[in-house]
There are 2 protein chains.
Amino acid sequence: MQSAAKIDHPCRQCAFYAESVWHPVEQDSLRSLAQNFVRRDLSEGEVLFEQGTDNRGVFCVSRGLIALRTHHADGNSTLLRLAYPGEVIGFRSFLGDGQHQTEARALTPSRVCTVPRSASSHLLQDNPAIMKQLATRCVREIDRTHERICSAATKTYKEQLADLLMTLMDHHGEQQQKGQRHMRLPLSRSDLADLLGVQPETLSRLIKRLEKDGWVQIKGRHVTMLSHPLRDLSASIG
Amino acid sequence: MQSAAKIDHPCRQCAFYAESVWHPVEQDSLRSLAQNFVRRDLSEGEVLFEQGTDNRGVFCVSRGLIALRTHHADGNSTLLRLAYPGEVIGFRSFLGDGQHQTEARALTPSRVCTVPRSASSHLLQDNPAIMKQLATRCVREIDRTHERICSAATKTYKEQLADLLMTLMDHHGEQQQKGQRHMRLPLSRSDLADLLGVQPETLSRLIKRLEKDGWVQIKGRHVTMLSHPLRDLSASIG
DNA sequence: TTTCGTCATTGACGATCGTCATATTTTGCG
DNA sequence: CGCAAAATATGACGATCGTCAATGACGAAA
């Protein structure tokens with residue numbers, strides 16, 4: 001854990017900071033909250049918090065990609081969701097029983113803004129505006145899980161994989177040339193399969209099917225896809 | 001909408017009331033909140049709120065069973081979740097953009113405690129203790145959706161159906177005699193299939209398989225199951 | 001009671017998925 | 001550069017699911 005960076009706002013990409021700009025009325029309390037921000041950089045594969053440990057605060061993803069995973073009693077585990085930049089994680093245990101029910105691991109080199117529980121719990125707990133912001137985060141996560149349920153009920157695995165690849169490309173796409181976009185895939189095949197709820201062998205065949213359609217090319221962790229047509233894939237595939 | 005019942009606590013089963021007992025420190029604000037409770041009885045099939053309408057408050061289910069469903073642009077719809085007694089619904093749109101993204105329909109004759117938005121929005125919005133309660137509701141719903149994701153990833157449809165039937169039996173089981181429990185199934189086959197994410201034909205075959213195991217007997221809406229063995233079904237089925 | 005419409009079940013068949021086994025590729029390290 | 005371990009891909013096969021079509025059961029209204 002680094003020492004707090006108290007000069008200016010330590011995390012301009014942080015959604016908390018952004019909202020303090022959008023809502024000037026609440027700015028004072030949020031500014032004092034920002035004073036307690038701690039910036040932390042995570043290397044690839046580094047764990048932000050482990051399942052079963054005490055909640056130490058609320059985290060906002062600034063850069064990179066964080067995977068939230070639950071480990072079951074039988075040794076298996078499930079990749080619950082990915083946290084992209086701008087999203088807040090850790091509020092579930094912060095508002096709940098105080099214990100992380102998931103493990104948070106950086107899939108790429110990442111940066112998070114930490115609001116330590118010790119330093120500002122009273123500020124978070126007793127301030128209705130900030131409580132509402134946290135509640136809004138919860139609402140967004142509920143929306144996301146609802147969308148996921150609808151996706152699972154409506155779309156095929158092939159479409160879901162296409163959607164996932166497009167979202168990843170939006171966040172991790174590097175350069176764009178000759179109508180193609182490229183990225184380094186931040187997830188392993190196992191993680192991709194886990195996220196879709198299929199077996200790794202099935203995922204491999206899903207990838208092959210997408211490649212046969214010509215929408216995308218995946219070799220190892222190198223992903224290349226056409227810029228525009230893939231955008232319509234989830235709608236066009238029957 | 002009925003007129004408010006202001007004598008005593010109108011809804012003793014309501015979780016809001018229950019928590020006001022558990023946390024005496026917050027009792028005053030919650031008692032004044034309870035003054036605004038409106039009790040509303042819903043007949044089977046009646047709609048509590050429709051998708052796309054403005055949020056009119058927060059609802060707590062006292063009795064019965066409420067189905068939350070989203071209608072998609074293509075005419076299809078997805079049954080997102082069931083709300084059992086003690087659960088709070090409507091807070092998503094209350095805390096969010098103010099518009100219901102789901103339709104709430106009573107599957108059985110039900111009773112809900114309504115906290116009208118107009119009467120108590122300031123109380124809900126400006127009181128950190130109540131905001132935290134609402135946030136806690138959000139956390140619980142996130143937990144439930146996470147469990148659902150894990151179930152979908154881990155269990156077979158057969159096990160998921162067994163789990164669902166057991167949960168329904170816990171809430172709607174009527175009498176218990178000779179080691180058997182009985183209930184009137186509160187959901188149609190289509191709704192059951194929707195909740196599991198399968199087609200109605202598949203659900204019918206899932207039921208047939210459960211019946212062949214001898215765990216349960218389902219004729220129309222009449223469900224009879226053994227009291228104890230089914231409890232272990234989800235663990236024993238390989 | 002009869003009729004009609006809706007809901008539920010059943011059958012058949014093609015497509016997809018899970019599982020196991022085996023090959024191939026990639027990755028990390030010496 | 002080369003090797004070993006891990007990750008990924010492929011093949012085969014049984015089980016399950018979705019789809020379409022047809023049948024059967026149930027309830028509401030005449």
Validation row: A/Leu79, A/Leu192 side chains within 4.5 angstrom (heavy atoms):
no
Heavy-atom contact window of chain B on DNA chain C, given 5' to 3' at under 4.0 Å
C/dA8 to C/dA12
Crowded around A/Glu50 CD? As in, over 12 foreign heavy atoms under 6.0 Å?
no
A/Gln99 atom CD: more than 12 heavy-atom contacts under 6.0 Å:
yes
How are the rings of B/His100 and B/Phe59 set relative to one another: parallel (under 30°), tilted (30 to 60°) or perpendicular (over 60°)?
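B/His100 and B/Phe59: tilted rings.
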Please report the distance, rounded to the nearest Å, between CG in B/Leu185 and C1' in D/dG27.
17 Å
Quick check against the 3.5 Å criterion: does A/Thr53 have a side-chain atom that pairs as donor or acceptor with the backbone of A/Gln51?
no
Need to verify one output field. Residue with the more 5' nearest nucleotide on DNA chain C, A/His222 or A/Gln199?
A/Gln199
Checking B/His71 now: which residues fulfil ring pair (Phe, Tyr, Trp, His ring centres under 6.0 Å) with it, not counting sequence neighbours?
none
Could you list the protein-to-nucleotides 2-12 of chain D atom pairs, N/O on both sides, closer than 3.5 Å?
residue: D/dT8; atom: OP1; partner: A/Arg189; partner atom: N; Å: 3.2
residue: D/dA9; atom: OP1; partner: A/Arg189; partner atom: NE; Å: 3.4
residue: D/dA9; atom: OP1; partner: A/Arg189; partner atom: NH2; Å: 3.1
residue: D/dA9; atom: OP2; partner: A/Arg189; partner atom: NE; Å: 3.2
residue: D/dA9; atom: OP2; partner: A/Ser204; partner atom: OG; Å: 3.3
residue: D/dA9; atom: O5'; partner: A/Ser204; partner atom: OG; Å: 3.4
residue: D/dG11; atom: N7; partner: A/Arg205; partner atom: NH2; Å: 2.7
residue: D/dG11; atom: O6; partner: A/Arg205; partner atom: NH2; Å: 3.0
residue: D/dA12; atom: N6; partner: A/Arg205; partner atom: NH2; Å: 3.2

Output, in order, the C-alpha distance, side-chain angles, deciding distance and verdict of side chain to side chain contact (heavy atoms under 4.5 Å, CB included) for A/Val223 and A/His172.
CA-CA 10 Å; A/Val223 180; A/His172 291 85; over 6 Å; no
Nearest 0.5 Å, please: how far is CD in B/Glu147 from CG in A/Leu80?
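Those atoms lie 10.5 Å apart.
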